[in-house]
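Worksheet: one structure, shown below.
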Amino acid sequence: MRIISAKDYEGMSLQCANLIASQIMLKPDCVLGLATGGSPVGTYKELIAKYERGELDFSRVKSVNLDEYVGLDINSDQSYIYFMRSNLFDHVNIDLANTNVPCGTNMDAEGECARYDEVIRSMGGIDLQLLGLGPNGHIGFNEPDDHFPTGTHKVSLTEATIQANKRFFEKEEDVPRFAYTMGVRDIMQAKRVVMVVSGEGKAEIVKKAFFGPVTPEVPASILQLHPDFTLVADEAALSQL
Ligand code: F6R
């Protein structure tokens, strides 16, 4: 595990965007595993800035997102497909046909999860997976459990996640209770994993996840065992180390 310490959110975002940019430059047809949430927004802004300066070409990049809420209309501004379009895809020259997000409106959970695993497999796996860290240690929507889930699956969001995500919705009742998420196996099989974490509110879970025991009760802890895992965090998030 490598830790890159940045002064603040902007510094963290630039460092992370540099890692992703180098991945695209070295392998223009790479497969990026992408995340939503507050943590990667700055990273996406930096990637857009690099694209606008003519430093990056997304035309051959393929992407596969970690997760999607179940039951939200794709035009809902809280769906993760909407998030990806407004925070990245609509601002760079990525071919939308090469982007993938689980289909939250497909109510056939078994079928959708099998389809998504096949999408990942058919792309030859993920070259670089970007992650954020849930306040309870979740990665994707792999919530604390007594085992590590493997492939794409449907999850019931925990109360901690509903509380953390309600800031994006008008009211708490609007937060969907279910999501489709890539499994821990899919994430661990990515060639490189990069996680962005910022703020004092994440300091305790950073310590637990990366300096505590590897346990499914803290899903991110398994990243300690990944051969190419980089944590890019600001000083506040690293303050308890
Ligand atoms: C998002 C995702 C989640 C978030 C995590 C942190 O696609 O899979 O695991 O990365 O909940 O969210 P933020 O960045 O909003 O603190």
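Keep in mind the model is a prediction, meaning the values are calculated, not measured. Note that ligands are numbered from 1 as they come in the structure, with each ligand's atoms numbered from 1 the same way.
Checked against the 6.0 Å centroid threshold, Phe210 and Phe229 count as a close aromatic pair.
Of the heavy atoms in Arg167, only side-chain atoms (C-beta onward) come closer than 4.0 Å to ligand 1. For Leu133, every heavy-atom contact with ligand 1 shorter than 4.0 Å involves the backbone, none the side chain. Residue contacts with ligand 1, taken as heavy atom pairs separated by less than 4.0 Å, involve Thr36 via backbone and side-chain atoms alike.
Looking at Val70 and Glu112, their side chains never come closer than 4.5 Å, going by heavy atoms from C-beta outward.
Nearest protein heavy-atom contact of atom 14 (O) of ligand 1 is Ser39 OG, 2.4 Å. Protein heavy atom at the shortest distance from atom 16 (O) of ligand 1 is Lys202 NZ, 2.7 Å. Counting only heavy atoms of the protein, atom 11 (O) of ligand 1 lies nearest to His138 NE2, 2.7 Å.
On a distance-only criterion, Gly140 and ligand 1 share at least one N/O pair closer than 3.5 Å. In terms of polar-atom proximity, defined here as any N/O pair under 3.5 Å, Asp67 does make such a contact with ligand 1. Ligand 1 has no nitrogen or oxygen under 3.5 angstrom from a nitrogen or oxygen of Gly134.
Residue Gly38 approaches ligand 1 through these ligand atoms, each under 4.0 Å from one of its heavy atoms: 13 (P), 14 (O), 15 (O). Within ligand 1, the atoms closer than 4.0 Å to a non-hydrogen atom of Leu66 are 8 (O), numbered from 1 in the order shown. Near Gly132, meaning under 4.0 Å from one of its heavy atoms, ligand 1 places the atoms 10 (O).
Within the model, atoms CG of Leu32 and SG of Cys30 stand 4.0 Å from one another, a figure rounded to the nearest 0.5 Å.
Between the side chains of Glu172 and Gln163, a donor-acceptor pair is found at a separation under 3.5 Å. Tyr80 and Tyr69 share a donor-acceptor pair across their side chains, judged by distance under 3.5 Å alone. For the residue pair Asn93 / Asp57, a side-chain donor-acceptor distance below 3.5 Å is found, with atom types taken as modelled. Side-chain contact, Thr158 with Asn136: a donor N or O sits under 3.5 Å from an acceptor N or O.
When the options Thr230, Leu231, Leu130, Val206 are evaluated for a side-chain contact (heavy atoms from CB on, under 4.5 Å) with Met195, the one that passes is Leu231.
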